[in-house]
Amino acid sequence: QVHLEESGGRLVRPGESLRLSCAATGRTLSRHTVAWFRQAPGKEREFVAGIFRSGGSTYYGDSVKGRFTMSRDNAKNTVYLNMDNLKPEDTAVYYCAADLNLILSSLRLSRQYDYWGQGTQVTVSS
């Protein structure tokens with residue numbers, strides 16, 4: 001069992017940067033595929049970024065490519081999402097997810113992940 005807890009969400013102005021963290025307890029994340037999703041009010045959950053398995057490639061959603069960077073620190077059992085040049089449309093609840101047996105073709109499918117955090121709110125507004 002893996003317990004995930006996100007942190008770092010807050011209100012920021014357009015163009016600012018923010019870093020989200022997702023700390024895992026219970027089991028090591030080093031072999032898991034981990035990802036960030038987000039969900040805005042009235043919208044479906046959207047894939048933001050994901051790292052496929054241990055040491056795998058990092059993938060990004062089209063809307064955040066070039067602005068967001070995902071990383072993992074296996075020693076701290078934590079993953080991060082660095083978000084630059086934030087826009088009002090980035091406003092959402094951001095969720096961390098993990099799965100041990102995910103295949104690459106399912107990376108962007110939220111229903112394929114076994115473990116989820118409770119989410120952290122990011123609001124981008126002037």
Could you pull out the closest heavy-atom pair between L100 and H32, with the gap in Å? N-CD2, 3.5 Å
Do E6 side-chain atoms and T120 backbone N/O form a donor-acceptor pair below 3.5 Å? no
If you define the side chain from C-beta out and look only at heavy atoms, does anything of Y60 sit under 4.5 Å from V48? no
What about F37 and Y113, are their ring centers closer than 6.0 Å? yes
Could you give the distance from NZ (K43) to CD (E89), rounded to the nearest 0.5 Å? 8.5 Å
Is there a side-chain contact (heavy atoms from CB on, under 4.5 Å) between D99 and N101 once you walk through the steps? CA-CA 6 Å; D99 194 275; N101 300 307; 4.0 Å; yes
For A92 against R38, the heavy-atom pair lying closest together: CB-CB, 3.8 Å
Of all heavy-atom pairs between F52 and I103, which one has the smallest distance, and what is that distance? CE1-C, 3.7 Å
Indicate whether the side chain of T123 and that of S125 have a donor and an acceptor atom separated by less than 3.5 Å. no
Any side-chain donor near an acceptor of the partner, D73 and T78, under 3.5 Å: no
Given the rule that I, L, V, M, F, W and Y join up when any side-chain heavy atoms are under 4.5 Å apart, are L109 and W116 in one cluster? no
Hydrophobic cluster membership, V12 vs V64, 4.5 Å side-chain cutoff: yes
With a 4.5 Å heavy-atom cut-off, do R13 and V124 have their side chains touching? no
Would you give the length of the straight line joining atom CE of M70 to atom CD1 of I51, rounded to the nearest 0.5 angstrom? 4.0 Å
Taking atom CD as the centre, does Q1 end up with more than 12 heavy-atom neighbours from other residues, nucleotides or ligands that are less than 6.0 angstrom away? no
Smallest separation among heavy atoms of V34 and A98, with atom names: CG1-CB, 3.9 Å
Spatial distance of atom CG (L81) from atom OG1 (T69) [nearest 0.5 Å]: 8.0 Å
Nearest non-hydrogen partners of V93 and G119, listed with the distance: CG1-CA, 3.8 Å
Which distance, rounded to the nearest 0.5 Å, do you find between the OG of S17 and the CG of N82? 8.0 Å
When you look at R19 and Y80, which way does the side-chain hydrogen bond (donor to acceptor under 3.5 Å, both in side chains) test go after all the steps? CA-CA 7 Å; R19 187 175 84 159; Y80 303 97; 4.8 Å; no
Hey, are the side chains of L102 and L107 touching, using non-hydrogen atoms and a 4.5 Å cut-off? yes
Does either side chain, that of S110 or that of Q39, offer a donor lying less than 3.5 Å from an acceptor on the other one? no
So, D62 and K65, do they make that salt bridge, N to O below 4.0 Å? yes
Exercise: identify the closest heavy-atom pair between S30 and N77: N-OD1, 4.4 Å
For the rings on W36 and F68, is their centre-to-centre separation under 6.0 Å? no
Side chain to side chain, H3 and Y115, heavy atoms closer than 4.5 Å: no
Would a 4.5 Å heavy-atom cut-off, applied to side chains only, mark R67 and D90 as touching? yes
Can you find a pair of side-chain heavy atoms, one from L20 and one from V122, that are under 4.5 Å apart? yes
Kindly compute the distance separating CG (L11) from CD (E16), expressed to the nearest 0.5 Å. 8.5 Å
From L29 atom CG to K76 atom NZ, the distance as rounded to the nearest 0.5 Å: 14.5 Å
